[in-house]
S.K.: 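Dropping the structure in here first, questions after.
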Amino acid sequence: MYSKEIDKKWQKFWQENKINKFDINSSKPKYYSLEMFSYPSGSNLHVGHWYNYGPSDTLARFKHLQGYNLFHPMGFDSFGLPAENYAIKSGIHPNTSTNDNIKTMRAQLEEIGLMIDWDYTLETHSPEYYKWTQWIFSILYKNKLAYRAYAPVNWCTSCKTVLANEQVVDGHCERCESEVIQKKLNQWFFKITDYADELLDKIDDLDWPEKTKKIQTNWIGRSYGAEVEFKTEENINLKVFTTRPDTLYGVTYLVMAPENDLVEIFTKDEQKQVVTEYQNTAKKLTDIERTSTIREKTGVFTGSYAYNPVNNKKIPIWISDYVINSYGTGCVMAVPAHDERDFEFASKYDLEMIKVIEGGDIPYCDDGILINSMQFDNMDSKVAKEKIVEMLTKLNMGKKTKNYRLKDWLVSRQRYWGAPIPIVYCDDCGEVLVPEKDLPVLLPTHIDFKPDGESPLKRCETFINTTCPRCNKPAKRETDTLDTFVCSSWYYLRYTDPKDKEKAFDKDIVNKLLPVDTYIGGAEHATMHLIYARFITKALRDLGYLNFDEPFLRMIHQGMILGADGSKMSKSRGNTILPDDYLNEYGSDVFRLYLMFGFTYQEGGPWSDEGIKSLSRFVNRIDAIFEKIYNTKYNEKNTIDEEEKSLLHVENRTIKAVTEDLEAFSFNTAIARCMEYINELYKYEQNNQEKNVKLIKESFSRFITIFSPFAPHFSEEIWDKMGNENSIFNNCWPTYNEEYLELDSINLPIQLNGKLIGTVSASKKENESSIKEKVYQDEKLNKRLVDVEIIKVIYVPGRIYNMVIKKQ
RNA sequence: GCCCAGGUGGCGGAACAGGUAGACGCACAGGACUUAAAAUCCUGCGAGAUUCAACCCUCGUGCCGGUUCAAGUCCGGCCCCGGGCACCA
């Protein structure tokens, strides 16, 4: 009987016999199977961990059995806020708690029984790792892909740190859900926008969930249009970005964001007071208030005018908070007749509207035929867009351009538990990069953690005070640390040789082992980790450190396991499922089998105690039939008759289906096929007086091999009991035999006008007249065909025989 | 508001490329074994009508319509649920 003791027995065996060892020099084709690494939390593994790592281990073992040189590493994303917040509460140093947690977590991961070579592990908080995270920063810095800027940034009032745009959800912090406000600060950025086009264009090549690709596409948000310059009274060229240059003759005013630096220049004395008041009001609004589409639009006139480059029309310059300063030029040309927002604004302030596209009521926002546009009249919008931009280019008053929603990645954080940014500030030399030989810039260990809006490192004199690497005079260190997403943006590269002391990774080794063949992890990383990792890979490629374009060829998101009540598991609801409880009762394999069988992997769903019981039953059923077959003296025969053919048919169908289902991450149907085989085996065992024992044993042996990735401990135990010397994982994945895949005869559905009226027994290749004969010979079918006129017969061999009759 | 997924028995979920809807499992019911129960094994199990009994008799994949010999699957419109973006000019 299968139990937790069997898990332990084989986990020990695998370790002692180095069954999970990865050999970089193997001549077999590589398969890099990766799951998103975890944050080492203090509590035990939850169902989510099992659901991520269990099924993906099945895939990994399957690939190993198929003859691939499996690379399946595991590590820890160990920098980050939870450890620091815990330290603030408990006084326990993050380094202590993190190391303890990793120890616990690794022991728990080993209890799952994963095919992992723990020689290839990493912890992002160790100096051996973050030295190279700092190195990544250095090479980006040297190549102008990392820069420092004074800019408005997102500030989490509770975490007391800045956040990247990607980490702000509905105006709230992605982690703690506190309100996020705007602050102007000196911060570090990675120039991800340099890669906007490639990140977007290469999405098509990825075998990722369509949804995730769509989210990234929208996040990057490329729009094509034109930059148009409007000369102002002050003889300054005011630039705007528009996707609708075809509506240029309909521009009746310009609007700038209130915080735009140019506002001051255009504000006339008599408008100074209202403008300043408006700017102050706008500043006080939170992002949520300001970007709410329900809010009525507001704005004020600056007092200045500009001239439309195409017809010299004099138009007023307004400011309004419906314009976003960080997108485009922070100034837009307003066409109230053909834009809903401009229409709303113009209606409120009684501004002029000029219709330039033929169509329905204004605001008419679709493309159409131009009117009131001089020589462009009667032209279609699509053509006019090109022609008008051509003219602007000639006039030197505009050009074709594109804009992105994506902004540069803000990577600095005002927190302690992260990789220090390797920069020193010197009074003489300014901003100086710490040279590679001085890396890592170590995090000091004795520190006061209280968050006060500045990096806790700012209070650590021994850390701050240093000498300038360039001139050797006293200098001060950068006290911000790197976003933990920087650490996780390159870990899949470090895995390939995590003990390398000379470099972050070896070019030849990463080129050999990467890209990752399948990457499994949560869908919530679509606009964060998954976009950052792609960017870092592309940047490293361009800097000559590797030669592939994309880190993750295939991506799968696991769903979420809910509580038995159908809602998200939470302590407050009391619907939490603790894997440990079930592990003791049923063993790892049963727990893993249930997670694979009970849900669609990408969907997840509610937990069921009855459900896991059924998988325990299934495992015992396999055990029981195995014992019976191997320990009973049967009346033997050695012929292959109908019964044997039927067993072989189900077996080969199972091998084929399981192979295909695993490729498609359809674990539930794969296990269903295994159940069908066992059911068939029971039938054979019970219904036949004489048995082909040799055939059953061979068949079962192939079955247990394909079952081993799903239930590795149990299968290894059975394999051992069968008298095998080697591990079942030294086996080869069985291939199916075409001969037994097809049955001699099937029940061919017979239809009348597309409705089923019965079946006849036929072979898959039987000709039409033979089927017709069988139909008329069948009493019940024949009865239905009296007095009807068959107009047409559609016969798809092996599929359907449909007779079309005249309707009465 | 826009974009993307999804809606199938009492339940979890299957269904290749349009070709027997409901695989496999749970729950339930009946039977075998047992002194009995549990466990195990076997059988049945979408709804309805009809029937001594049985049946491929009718209906049925969120709703309405269409294409087709044939629709869970394709097309058009709508409803609901989940996710993403949200004044991006």
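Lettering of chains follows the sequences in order, A, B, ..., and the numbering in each one begins at 1.
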S.K.: Would you please indicate if the ring centroids of A/W50 and A/Y582 are separated by under 6.0 Å?
M.R.: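 They do not qualify: ring centres at least 6.0 Å apart.
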S.K.: Taking only N and O in the side chain of A/Y322, is any of them less than 4.0 Å away from OP1 or OP2 of B/A89?
M.R.: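 For B/A89, neither OP1 nor OP2 has a side-chain N or O of A/Y322 closer than 4.0 Å.
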S.K.: Indicate whether OP1 or OP2 belonging to B/C26 is found under 4.0 Å from a side-chain N or O atom of A/R617.
M.R.: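 It does, given that an N or O in the side chain of A/R617 lies less than 4.0 Å from OP1 or OP2 of B/C26.
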S.K.: Is the shortest side-chain heavy-atom distance between A/T298 and A/Y349 below 4.5 Å?
M.R.: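 Of all side-chain heavy-atom pairs linking A/Y349 with A/T298, at least one is under 4.5 Å.
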S.K.: Around A/K568, counting heavy atoms of other residues, nucleotides and ligands shown, do more than 12 lie under 6.0 Å from its NZ?
M.R.: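 Counting neighbours around NZ of A/K568, 12 or fewer heavy atoms of other residues, nucleotides or ligands fall under 6.0 Å, so no.
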S.K.: Check the phosphate of B/A23 against A/T669, side-chain N and O only, distance under 4.0 Å to OP1 or OP2. Yes or no?
M.R.: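 Checking A/T669 against B/A23: no side-chain N or O falls below 4.0 Å of OP1 or OP2.
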S.K.: Examine the side chains of A/Y404 and A/D197 and answer whether a donor and an acceptor come within less than 3.5 Å of each other.
M.R.: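 Short answer, yes.
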S.K.: Rounding to an integer number of angstrom, what distance separates B/A29 and B/U34 when you compare their P atoms?
M.R.: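 One P to the other, the span is 23 Å.
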S.K.: Side chain of A/K755, heavy atoms from C-beta onward: which of B/C69, B/C59, B/G13 has the nearest atom to it?
M.R.: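 Nearest nucleotide to the side chain: B/C59.
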S.K.: Expressed in angstrom and rounded to an integer, what is the separation of A/K613 atom NZ from B/A38 atom C1'?
M.R.: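 About 12 Å, once rounded to whole Å.
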S.K.: Report which part of the nucleic acid A/I794 touches: base, sugar-phosphate, or nothing (heavy-atom distance under 4.0 Å, all strands).
M.R.: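 Touches a base.
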S.K.: Return the pairing partner of B/A38 with a 3.5 Å limit on both distances, Watson-Crick or G-U wobble; otherwise return none.
M.R.: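 Across all strands, not a single nucleotide pairs with B/A38.
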S.K.: Describe the nucleic acid contact of A/V332 in one word from base, sugar-phosphate, nothing, applying a heavy-atom distance below 4.0 Å.
M.R.: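 It contacts base atoms.
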S.K.: Counting only Watson-Crick or G-U wobble pairs whose two distances fall under 3.5 Å, which nucleotide matches B/A70?
M.R.: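 Partner of B/A70: none.
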S.K.: Would you mind telling me which of B/A23, B/C56, B/C85 lies closest to the side-chain atoms of A/R405?
M.R.: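 Side chain of A/R405 sits closest to B/C85.
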S.K.: Using the P atom as the point on both nucleotides, what is the distance between B/U43 and B/A23, in whole Å?
M.R.: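 Each nucleotide's P atom is 14 Å from the other's.
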S.K.: Tell me which of A/I757 and A/V169 sits closer to the 5' end of RNA chain B, going by the nucleotide each one is nearest to.
M.R.: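 So the residue in question is A/I757.
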S.K.: Just how far, in rounded Å, is C1' of B/A89 from CG of A/D366?
M.R.: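 Answer to the nearest Å: 15 Å.
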S.K.: Would you indicate what A/V793 reaches in the nucleic acid, counting non-hydrogen atoms under 4.0 angstrom: base, sugar-phosphate, or nothing?
M.R.: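 The answer is nothing, as A/V793 stays clear of every strand by at least 4.0 Å.
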S.K.: Both distances below 3.5 Å, Watson-Crick or wobble geometry, any strand: find the nucleotide opposite B/A54.
M.R.: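 The base-pairing partner of B/A54, which may sit in any strand shown, does not exist here.
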S.K.: Which whole number of Å gives the distance between the C1' atom of B/G83 and that of B/G7?
M.R.: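 The same atom, C1', in both gives a distance of 15 Å.
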S.K.: Using OP1 and OP2 only, check whether a side-chain N or O of A/N668 sits under 4.0 Å from B/A14.
M.R.: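 Checking B/A14 against A/N668, a side-chain N or O does come within under 4.0 Å of OP1 or OP2.
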S.K.: Contact class for A/K214 vs. all strands (heavy atom < 4.0 Å): base, sugar-phosphate, or nothing?
M.R.: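 If one applies the 4.0 Å heavy-atom cut-off, A/K214 turns out to touch the sugar-phosphate alone, with no base involved.
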S.K.: Between A/N403 and A/E610, who's closer to the 5' end of RNA chain B by nearest nucleotide?
M.R.: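 Counting from the 5' end, the first nearest nucleotide belongs to A/E610.
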S.K.: Which of the following nucleotides, B/C87, B/A89, B/C26, is nearest to the side chain of A/T243?
M.R.: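 Within the option list, the nearest is B/A89.
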S.K.: To the nearest Å, give me how far apart CD (A/Q167) and C1' (B/G84) are.
M.R.: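 Rounded to the whole Å, the gap is 18 Å.
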S.K.: Evaluate the criterion salt bridge (charged side-chain N to carboxylate O under 4.0 Å, His left out) for residue pair A/R653 and A/E680; output intermediate values, then yes/no.
M.R.: CA-CA 12 Å; A/R653 194 181 66 187; A/E680 186 67 20; over 6 Å; no
S.K.: Rounded to whole angstrom units, what separation is found between the CZ atom of A/R222 and the C1' atom of B/A89?
M.R.: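 Rounded to whole Å, this separation is 18 Å.
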S.K.: Can you check the distance between B/G18 and B/A5, where both ends of the measurement are the C1' atom (answer in whole Å)?
M.R.: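 Result for the C1' pair: 22 Å, nearest Å.
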S.K.: Looking only at atom P, what distance separates B/C85 and B/G46, rounded to whole Å?
M.R.: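 Between the two P atoms, the distance is 44 Å.
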S.K.: Establish, yes or no, whether a centroid distance under 6.0 Å links the rings of A/Y51 and A/Y601.
M.R.: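 Distance test on ring centres: under 6.0 Å, yes.
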S.K.: Quiz question: by atom type and distance under 3.5 Å, do the side chains of A/N679 and A/R621 form a donor-acceptor pair?
M.R.: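 Yes, side-chain donor-acceptor contact under 3.5 Å.
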S.K.: Using a 4.0 Å heavy-atom cut-off, does A/G604 contact any base of the nucleic acid, only the sugar-phosphate backbone, or nothing at all?
M.R.: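 Contact class for A/G604: sugar-phosphate only.
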S.K.: Nearest of B/A89, B/G19, B/C41 to any side-chain atom of A/Q686?
M.R.: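 The nucleotide sitting nearest to the side chain is B/C41.
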S.K.: Base, sugar-phosphate or nothing for A/G758? Non-hydrogen atoms, less than 4.0 Å.
M.R.: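 Base contact - A/G758 has a heavy atom under 4.0 Å of at least one base atom.
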S.K.: Could one point to a donor on the side chain of A/N802 or the base of B/C69 with an acceptor on the other under 3.5 Å away?
M.R.: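 Indeed there is one.
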S.K.: In whole Å, what separates the C1' atom of B/U61 from that of B/A15?
M.R.: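 Approximately 11 Å lies between the C1' atom of B/U61 and that of B/A15.
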S.K.: Atom CD1 of A/I771 and atom P of B/C69: how far apart are they, to the nearest Å?
M.R.: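 One finds 22 Å between P of B/C69 and CD1 of A/I771, rounded.
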S.K.: Would you classify A/G611 as touching base, sugar-phosphate or nothing, given that sugar-phosphate means primed atoms plus P, OP1 and OP2, and contacts are heavy atoms under 4.0 Å?
M.R.: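 The answer is nothing, as A/G611 stays clear of every strand by at least 4.0 Å.
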S.K.: Taking atom CD as the centre, does A/Q689 end up with more than 12 heavy-atom neighbours from other residues, nucleotides or ligands that are less than 6.0 angstrom away?
M.R.: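 No, CD of A/Q689 has 12 or fewer neighbouring heavy atoms, counting only those of other groups under 6.0 Å.
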S.K.: Can you tell me, in whole Å, how much space there is between the P of B/G19 and that of B/C42?
M.R.: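 The answer is 32 Å between these two P atoms.
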S.K.: With sugar-phosphate meaning primed atoms plus P, OP1 and OP2, does A/S608 contact a base, only sugar-phosphate, or nothing at under 4.0 Å between heavy atoms?
M.R.: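 Here A/S608 touches no strand at all.
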S.K.: May I ask you to say what A/F597 touches in the nucleic acid, namely base, sugar-phosphate or nothing, with a heavy-atom cut-off under 4.0 Å?
M.R.: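 Counting heavy atoms under 4.0 Å across all strands, the contact made by A/F597 includes a base.
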S.K.: Find the partner of B/G12: check Watson-Crick (N1-N3 plus N6-O4 or O6-N4) and G-U wobble (N1-O2, O6-N3) distances, both under 3.5 Å, and reply none if neither fits.
M.R.: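 Across any shown strand, B/G12 pairs with B/C24.
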S.K.: May I ask you to check whether A/F707 and A/F618 place their ring centres under 6.0 Å from each other?
M.R.: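 Yes - the distance between ring centres of A/F618 and A/F707 falls below the 6.0 Å cut-off.
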S.K.: Determine whether A/V310 and A/V228 make a side-chain contact, defined as any pair of heavy atoms from C-beta on separated by less than 4.5 Å.
M.R.: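 With C-beta onward as the side chain, the pair stays apart.
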S.K.: Check every strand shown and say whether A/Q751 touches a base, only sugar-phosphate, or nothing at a heavy-atom separation below 4.0 Å.
M.R.: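 Base contact - A/Q751 has a heavy atom under 4.0 Å of at least one base atom.
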S.K.: Would B/G9 be called syn or anti, given that syn covers angles within 90° of 0?
M.R.: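 Syn for B/G9; the angle stays within 90° of 0.
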S.K.: Is the phosphate of B/C42 approached by A/R621 (side-chain N or O, under 4.0 Å from OP1 or OP2)?
M.R.: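 Yes, such a contact exists.
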S.K.: Return the pairing partner of B/G1 with a 3.5 Å limit on both distances, Watson-Crick or G-U wobble; otherwise return none.
M.R.: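 The answer is B/C85, by the H-bond criterion.
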S.K.: Atom CG of A/L756 and atom P of B/G22: how far apart are they, to the nearest Å?
M.R.: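 Checked: the CG to P distance equals 10 Å.
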S.K.: Respond yes when some side-chain nitrogen or oxygen of A/N679 is under 4.0 Å from OP1 or OP2 of B/G25, and no when none is.
M.R.: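 Answer yes for this pair, as a side-chain N or O of A/N679 is under 4.0 Å from OP1 or OP2.
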S.K.: Below 3.5 Å, does any donor atom in the side chain of A/K297 face an acceptor in the base of B/C87, or the other way round?
M.R.: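 Pair found.
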S.K.: Which nucleotide, if any, forms a Watson-Crick or G-U wobble pair with B/G6, using both distances under 3.5 Å?
M.R.: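 Checking every strand shown, B/G6 finds its partner in B/C80, with both distances under 3.5 Å.
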S.K.: Using purine N1 to pyrimidine N3 plus N6-O4 or O6-N4 for Watson-Crick, or N1-O2 and O6-N3 for G-U wobble, both under 3.5 Å, which nucleotide pairs with B/A29?
M.R.: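 Pair assignment: B/A29 / B/U43.
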S.K.: A/R799 side chain N/O closer than 4.0 Å to the phosphate oxygens (OP1, OP2) of B/A70?
M.R.: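 For B/A70, OP1/OP2 do not have a side-chain N/O of A/R799 under 4.0 Å.
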S.K.: With a cut-off of less than 4.0 Å, is there a side-chain N or O of A/S223 near OP1 or OP2 of B/A89?
M.R.: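 For B/A89, OP1/OP2 do have a side-chain N/O of A/S223 under 4.0 Å.
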S.K.: Just the rounded figure in Å: distance from P of B/C41 to NZ of A/K628.
M.R.: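 One finds 10 Å between P of B/C41 and NZ of A/K628, rounded.
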S.K.: Could you give the distance separating B/C45 and B/C52 at their C1' atoms, to the nearest angstrom?
M.R.: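 My reading of the C1' atoms in B/C52 and B/C45 gives 23 Å.
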S.K.: Measure from the side-chain heavy atoms of A/E676 and tell me the nearest of B/A23, B/C56, B/G25.
M.R.: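 Comparing B/A23, B/C56, B/G25 against the side chain of A/E676, the answer is B/A23.
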S.K.: May I have the distance from A/N687 (atom CG) to B/C41 (atom C1'), rounded to whole angstrom?
M.R.: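 The distance from CG of A/N687 to C1' of B/C41 comes to 12 Å, rounded to the nearest Å.
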